[in-house]
Number of protein chains: 2
Amino acid sequence: MNESIEEPEAPAPGSRRPGGRTARTRAAVRDAVLTGLSEHGYPALTVEYVAEHSGVHKTTLYRRWGGVEGMVADALDLAGEDRWSPPDTGSLGGDLRALAREVVDGFAEPADAAAPTAFVGAAFQSPRAAEALRSFYAERFRRCEEVVKRAVARGEAPAGADAGAVVRAVSAPLFLRLFVTREPLDHRLADQAADAAAAALAAGVFDRSPADAAPTTKDRPAADTAGAAGG
Amino acid sequence: MNESIEEPEAPAPGSRRPGGRTARTRAAVRDAVLTGLSEHGYPALTVEYVAEHSGVHKTTLYRRWGGVEGMVADALDLAGEDRWSPPDTGSLGGDLRALAREVVDGFAEPADAAAPTAFVGAAFQSPRAAEALRSFYAERFRRCEEVVKRAVARGEAPAGADAGAVVRAVSAPLFLRLFVTREPLDHRLADQAADAAAAALAAGVFDRSPADAAPTTKDRPAADTAGAAGG
DNA sequence: GATCAAACGCAACGCTTGTAGCGTTAGCCG
DNA sequence: CGGCTAACGCTACAAGCGTTGCGTTTGATC
């Protein structure tokens, strides 16, 4: 029947018709998805809702995106193509705190939190959305590593520090409360998360010096000699 | 036939008939839900699947649980009624590491990870499941605080430490990778998370001394004097 | 600007999901 | 042991979801 072998489902930016109606359709769908998520939440985001609010026919939505999860994943791909860059306050502590507060502020208003929350939730239902989310955060954390690299250049952090582990440590307690334990957030928790990561970094917990490939996962010489017993 | 009553269990919420068929029905549904989650995953867990595999009629499932999310939430409630208690290795560092490794091991096999992952995912779709998840982790972390309290009693940790923040800091990076960034886990990351929390605790980041109610969320005297600049 | 193929719109259909009415079963109690 | 009623099973149905076939529009190419 259809010999469209090249791409399984998602024409996306590599389509044979880069400009014109196809691009307009994609943008209209993306806007409708984000609007729907913000106003009604993910469970209420149905294909027919997007069809009605985007002016794109239901059939087209199923053909190009396969369903709601695909449209959410596509919107997530577009969201990752922004020009965001981490803050630069001049000090590691300030940068990490600003980073953490940016997360908290981004989820403060329910309307703002709906779309990002939906992205995370969609990943539980669709492998396509899961892959988009993984890719999004990999890029996002990669940009954040700049903060740690600057600190290393200033001598604020040890040279062998795992920058990715540091920035993940900062946001992890916030995401835990947002998506798992569902506890409220505030700036105090943001600062606490940033300070905790900074303290662990200073204590050498994030050093990947002895064995980068981590051959012995069972027991390390324990970096907590500088941590637990330090106080 | 099968009156394998393992334990009296809790009566169905709001039920006026604590024992008998109602309890059996609930147990059968719970088993079918867990089996379905482990074998086919959450997206494939439909009401009719549970009806077929539990022997309970579809109408009853909708009446008592309202849908899939309700059944998952109910299974989560039952899962929280176990007798789990945190490990006791004799030292704070050992306890936190054991705690972290327990999380990693619990999600190592896909079949074991399916149900807990589904619990988290269901919370994105149903307020009922979200509340059940919140309650589950509140109780779980409450038990974990014992680890920190023992450490305080031994003099390993400052007396004013926020035990809840510590145990959340331990598991947060692991849950981040499991549910958000979807990166692989290993024991090295578990130890790293435990050591980071221990280091931050030793540095005084988790002290809730000056103002417990956190009146000034904008700027604190900064506990990072011992953290970021401490090295 | 004529041609061709990709992408889209349209209407209709089958399937699954969720609900309602009603009869039946089973736990509880006198 | 016999009545009472909550809880469950059954059938049927309405609504929404996802798919299909075909005609139309649009953008690229010569």
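Everything numeric in this text was worked out from a predicted model, so none of it was measured. Naming: A, B, ... by sequence-line order, numbering from 1 per chain.
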How many angstroms lie between CE in B:Met71 and CG in B:Leu45, if you round to the nearest 0.5 Å?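 Spacing of CE (B:Met71) from CG (B:Leu45) equals 5.5 Å.
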
Is the distance from OP1 or OP2 of [N] to the nearest side-chain N or O of [X] less than 4.0 Å?
X	N	answer
A:Arg64	C:dA7	no
A:Arg24	D:dG27	yes
A:Tyr62	D:dT19	no
A:Thr25	C:dC8	yes

Can we say [X] and [Y] salt-bridge, meaning some charged N sits less than 4.0 Å from an Asp/Glu carboxylate O?
X	Y	result
A:Arg142	A:Glu139	yes
A:Asp195	A:Arg97	yes
A:Glu131	A:Arg134	yes
A:Arg30	A:Asp77	no
A:Arg177	A:Asp186	no

(Q) Using a 6.0 Å cut-off, check whether atom CD of A:Glu39 has over 12 heavy atoms from anything other than its own residue. (A)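 Enclosed: over 12 neighbouring heavy atoms sit under 6.0 Å from CD of A:Glu39.
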
key: Euclidean distance, atom CH2 of residue B:Trp65 to atom P of D:dA7 [Å, nearest integer]   =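 Spelled out: CH2 on B:Trp65 to P on D:dA7 is 11 Å.
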
Remember a base hit wins even if backbone is also touched, and classify B:Gly66 as base, sugar-phosphate or nothing at under 4.0 Å, heavy atoms.
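It contacts nothing in the nucleic acid.
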
message = Are A:Phe124 and B:Tyr42, when compared by the centres of their aromatic rings, separated by less than 6.0 Å?
response =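 So the answer is no for these two rings.
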
How sharply is the helix from C:dG1-D:dC30 to C:dG30-D:dC1 bent, taking the axes over five pairs at either end and rounding to 10 degrees?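 For the helix from C:dG1-D:dC30 to C:dG30-D:dC1, the axes at opposite ends meet at about 30°.
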
Quick one: does any side-chain atom of A:Thr117 pair with a main-chain N or O of A:Ala113 as donor and acceptor, under 3.5 Å?
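Indeed, once roles are kept as given, a pair shorter than 3.5 Å links the two residues.
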
Problem - N/O donor-acceptor pair under 3.5 Å between A:Thr46 side chain and A:Tyr49 backbone - result: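 Side chain of A:Thr46 to backbone of A:Tyr49: no pair is present.
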
Can you tabulate the close N/O pairs, meaning under 3.5 Å, that link protein atoms to atoms of nucleotides 10-14 of chain C?
unit_1	atom_1	unit_2	atom_2	d
C:dC10	N4	A:Thr59	OG1	3.0
C:dA11	N6	A:Thr59	OG1	3.3

- Query: With a 3.5 Å cut-off and no angle check, do the side chains of A:Asp105 and A:His187 form a donor-acceptor pair?
  - Reply: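 Their side chains do contain a donor-acceptor pair, which is all the 3.5 Å distance test asks for.
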
Item to check | Residue-level proximity of residues 44-53 of chain A to DNA chain D when a heavy atom falls under 4.0 Å | outcome: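 Hits under 4.0 Å, by residue number: A:Thr46, A:Val47, A:Glu48.
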
